[in-house]
Amino acid sequence: MNTYRITVLKGDGIGPEIVDEAMKVLNKVSEKFGFGVQYTEALLGGSAIDAVGEPLPQETIDKCKASDAVLLGAVGGPKWDNLQGDKRPEAGLLGIRAALGLFANLRPAVIFAPLKDASPIRPEIIGDSLDVMVVRELTGGIYFGDRGRETVDGVESAYDTERYSVPEIERIARIGFEMAKKRNGKLCSVDKANVLESSRLWRATVARIGEEYPEVELTNMYVDNCAMQLVRNPGQFDVLLTSNIFGDILSDEASMISGSIGMLSSASLGENKFGLYEPIHGSAPDIAGTGMANPLATILSVAMMLRYTLDEQKAAQAIEDAVAEALKTNRTPDIYVEGTKKVTCAEMGDAVCALI
Ligand code: IPM
Ligand code: MG
C-alpha cells in the first residue's frame, strides 16, 4: 500500500476549519481506494508569527520539502495588518511558494451545474458550462521584483517592479501550452503589451514557444479587455496564461462566475510532481469560527493533489463527483439559495464524505 506524506499548513482565520474538512475527505478516499496518508503539521503566516515570531520558519520549509505534497488553508488577518511588508503573514505564503520553486499555479474555474443559480452572471451568459483554466506564473513578476520606499526633497514615494526573464516566461508558457493541448487546444495569453515592456517580452516569448505547439491555437489579449470578456462571454476561454499579478486578479474574477470564491481550488507546481494545494480565497477572518466557511475549494484542492501529484485518479474523481452531488441539496451561506439546505462548514464536509 502506498502511504503519502502530506504536510498540512492550516494557517489563519478560516484556514484550520476548512483544512479539517479537506483532511476528513482525504481520509475517506484513502480508506475507499486503499492508500495511506501520514500528516505533519507546520506553521505558516500569522499563526507562525504568534508562535515563533516569523511568518515562514525554516522548519516549515524543511517539513514541506520532506513530504510528497502540501495542503494549505489560508493566511492573514487584521491582527497582523500593521506589520512591515516582509514580516506579514502573506510574506510567508510568497516565501513558501518561492522556497519550493512552485512557479506554475493552476486555477480551474468550473461551474457545477447546481450552482448556476448562485452565480451573479446570468445563466444565458454562462451557457451550458464554464470550464476555464487559469495558468498563473507564481514566483516572478511584481510580487518578487525590486521594491522600496524613498523620500526625495521631503516627498515620500514607493515602488514595485514588474520584471520577467525569458526563461521564466518560457517555462510557464510551456505549462500553458501543455495544458491547452490536453484540453480544447486554445490558449489565450494575457498581458498589457500596449503599455508594459515586460508584457512585450512576455508576448514575444509566448509566441516563440507557441511554434513548438502548432496544434494549439494561441491568441493574445490585453488584461483590461480580458477582465471585461470574462463576464461578457466566459465560454470563449479555455486556458488563460497570465503573469503573477494578472492571474491573481483574473482568478478572483473567474471564481465569482462559478458561484463563489469559496469554490475555486488551486495547484502550485514546480519542475517535478511535488505540489502545494490551496483554495484561492483568503482567510476570511470575519467569519472564522462561525461555521459559515465554505470548505469546498479546499476539498477540491485535495482532488487536484490526487490528480497532479499523487496520481490517484479514481480518488480525485470520487471527490469531484461527491462535491457535485452534495451541492444539489447542501449549501454553505455563500452559495445558499432558497429551496436548498443551509449547512455549516463541518456539515458540508460530512455531506461530501457520505457521498464517497
Ligand atoms: C492568492 C492570494 C495571495 C496572492 C495573497 C494572500 C498573497 O491572493 O493566492 O491569490 O496574491 O497570491
Ligand atoms: Mg488572490
Side-chain angles (χ1 to χ4, degrees), residues 9-16 18-19 22 43-49 54-56 60 64 70-81 83-109 132-145 147 160-162 164 168 172 190 223 226-227 230 240-258 260-270 275-286 288 293-294 297-298 300-301 304-305 334:
L9 310 173
K10 293 186 177 178
D12 312 318
I14 60 170
I18 54 177
V19 170
L43 295 166
L44 183 75
S47 51
I49 295 172
E54 49 178 331
L56 177 58
T60 297
C64 289
V70 180
L71 179 62
L72 169 67
V75 299
K79 186 175 172 194
W80 307 283
D81 271 350
L83 294 173
Q84 213 186 305
D86 59 346
K87 306 268 185 303
R88 289 175 61 103
E90 290 82 356
L93 179 57
L94 301 186
I96 193 74
R97 289 170 179 169
L100 301 173
L102 306 172
F103 67 88
N105 189 210
L106 310 182
R107 302 190 154 189
V132 179
M133 176 67 88
V134 179
V135 175
R136 171 191 179 194
E137 200 289 328
L138 202 61
T139 52
I142 199 164
Y143 274 57
F144 292 90
R147 73 187 65 205
D160 300 272
T161 321
E162 174 85 346
Y164 270 110
E168 280 177 313
I172 193 67
V190 179
V223 62
C226 182
L230 264 175
L240 285 177
L241 174 66
T242 76
S243 65
N244 204 342
I245 191 159
F246 294 163
D248 179 46
I249 298 165
L250 293 176
S251 59
D252 268 30
E253 188 189 4
S255 76
M256 266 328 280
I257 304 169
S258 62
S260 162
I261 193 164
M263 293 299 302
L264 227 79
S265 56
S266 86
S268 304
L269 305 169
L276 178 148
Y277 296 84
E278 58 173 320
I280 78 150
H281 60 70
S283 58
D286 51 324
N294 182 349
T298 320
L300 291 168
S301 299
M304 289 190 89
M305 176 192 287
D334 56 318

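Remember, it's 1-based here, ligands and their atoms both numbered in the order they're listed. The structure displayed is predicted, hence computed values, not measured ones.
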- Query: Within the side chain of Glu137, is there an N or O that forms a donor-acceptor pair under 3.5 Å with the backbone of Thr139?
  - Reply: yes
- Task: List every atom of ligand 1 that sits less than 4.0 Å from any heavy atom of Tyr143, numbering the atoms from 1 in the order shown and giving each element.
- Result: 4 (C), 11 (O), 12 (O)
- Would you say the side-chain atoms of Ser266 pair up with the backbone N or O of Glu278, donor to acceptor, closer than 3.5 Å? yes
- Please check if the side chain of Asp334 supplies one atom and the backbone of Ser260 the other of a donor-acceptor pair under 3.5 Å. no
- Which of the atoms in ligand 1, numbered in the order shown and given with their element, are less than 4.0 Å from a heavy-atom of Arg97? 1 (C), 4 (C), 9 (O), 12 (O)
- Query: Okay, side chain of Thr242, backbone of Gly247: is any donor-acceptor separation there less than 3.5 Å?
  - Reply: yes
- Check whether any heavy atom of Arg107 sits under 4.0 Å from an atom of ligand 1. yes
- Query: Where is the nearest protein heavy atom to atom 8 (O) of ligand 1: which residue, which atom, and how far?
  - Reply: Asp248 OD1, 3.2 Å
- Query: Arg88 near ligand 1, heavy-atom distance under 4.0 Å?
  - Reply: no
- Task: Please answer whether the main-chain N or O of Ala74 pairs with a side-chain N or O of Asp12 as donor and acceptor at a distance below 3.5 Å.
- Result: no
- Task: Measuring from the Mg ion (ligand 2), name the closest N, O or S atom belonging to Asp248.
- Result: OD1
- Task: Check whether any N or O atom of Glu90, backbone or side chain, sits under 3.5 Å from an N or O atom of ligand 1, and answer yes or no.
- Result: no
- Nitrogen or oxygen atoms of Glu278 and ligand 1 under 3.5 Å apart: no
- The side chain to side chain contact (heavy atoms under 4.5 Å, CB included) partner of Val75 among Ile96, Leu44, Leu9 is Leu44
- Task: Specify the closest pair of heavy atoms between Ile172 and Arg136, including all atoms of both residues, with the distance to one decimal.
- Result: CD1-O, 4.0 Å
- Under 3.5 Å, side chain of Arg88 to main-chain N/O of Asp81, donor-acceptor pair present? yes
- Atoms of ligand 1 close to Arg136 [distance to a heavy atom under 4.0 angstrom, numbered from 1]: 1 (C), 4 (C), 9 (O), 10 (O), 11 (O), 12 (O)
- Would one find an N, O or S atom of Asp252, in either backbone or side chain, under 2.8 Å from the Mg ion (ligand 2)? no
- Message: Could you work out, for atom 3 (C) of ligand 1, the closest of Ile249, Leu93, Val75 by heavy-atom distance?
- Response: Leu93
